[in-house]
Every structure is written in C-alpha cells, then in structure tokens.
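We count residues from 1, following the sequence as given.
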Amino acid sequence: SAGHAVKLRVVQTRGFDNFNHVYAVVGLPPGKPPRWMALDASVAQPAGWEVPAAQIIKKKDYTV
C-alpha cells in the first residue's frame, strides 16, 4: 500500500445470488483520504474504473 489507505470492495452484481467480485480501492491522497479510487486488476480498464452502479445490487468495503 506504500503509505496509502487500502480497502477491499466486494460487490454483488445483477444475475448473481451473492457477492461475486472483489477489488482493491486506494485512498487519495495518503493519510486521511477524502476520495477512493478503484484498482481492479481483473479487468482491462484503466485505474479508477468500477463496476457500473446500475449493475450493483450490494456493495461492502473492508479495511485492510
């Protein structure tokens, strides 16, 4: 995490009965971050991309 706050985000998307995807989110700037950016290495998208809100049924963050 190199000094950044990190959380794991789990989501349940449409078509699934339970949580089905997990990815990291990093706090920016370091310290007490006012914003969080997704870092999902499982998709071919740039940093900051997240599952579209319209597809999410449930979402939960876990502090690492």
Side-chain angles (χ1 to χ4, degrees):
S1 67
H4 291 280
V6 176
K7 296 179 184 180
L8 292 178
R9 179 164 292 159
V10 294
V11 295
Q12 175 187 353
T13 57
R14 297 192 183 283
F16 291 88
D17 294 331
N18 211 332
F19 290 108
N20 60 296
H21 191 64
V22 62
Y23 52 94
V25 289
V26 63
L28 297 172
K32 290 188 174 185
R35 71 182 188 100
W36 294 85
M37 181 170 63
L39 298 175
D40 189 344
S42 70
V43 295
Q45 298 290 338
W49 182 89
E50 288 198 66
V51 175
Q55 294 298 316
I56 295 174
I57 296 170
K58 288 191 287 189
K59 173 171 69 172
K60 184 163 182 159
D61 288 347
Y62 295 92
T63 303
V64 178

Which pairs count as ring pair (Phe, Tyr, Trp, His ring centres under 6.0 Å) when at least one residue sits in residues 35-64, sequence neighbours excluded?
-> none
How many angstroms lie between CD in Gln12 and CD1 in Ile56, if you round to the nearest 0.5 Å?
-> 10.5 Å
Shortest non-hydrogen contact between Arg14 and Ala54, atoms and distance | NE-O, 2.8 Å
Would you give the length of the straight line joining atom CG of Leu8 to atom CG of Asp61, rounded to the nearest 0.5 angstrom?
-> 9.0 Å
Where do Pro33 and Gly31 come nearest, in terms of heavy atoms and distance?
-> CD-O, 3.0 Å
From CG (Asn20) to NZ (Lys58), nearest 0.5 Å | 10.5 Å
Could you give all pairs that pass the side chain to side chain donor-acceptor pair (under 3.5 Å) test and reach residues 21-30, with sequence neighbours left out?
-> His21-Asp40, Tyr23-Glu50
When every non-hydrogen atom of Gly48 is compared with those of Met37, the smallest separation belongs to CA-CG, 3.5 Å
Nonpolar side-chain network containing Phe16, other nodes, edges under 4.5 Å = none
Same cluster for Ile57 and Val22 if Ile/Leu/Val/Met/Phe/Trp/Tyr side chains link at under 4.5 Å?
-> no
Working to the nearest 0.5 Å, report the span between CZ of Arg35 and CG of Leu28.
-> 5.0 Å
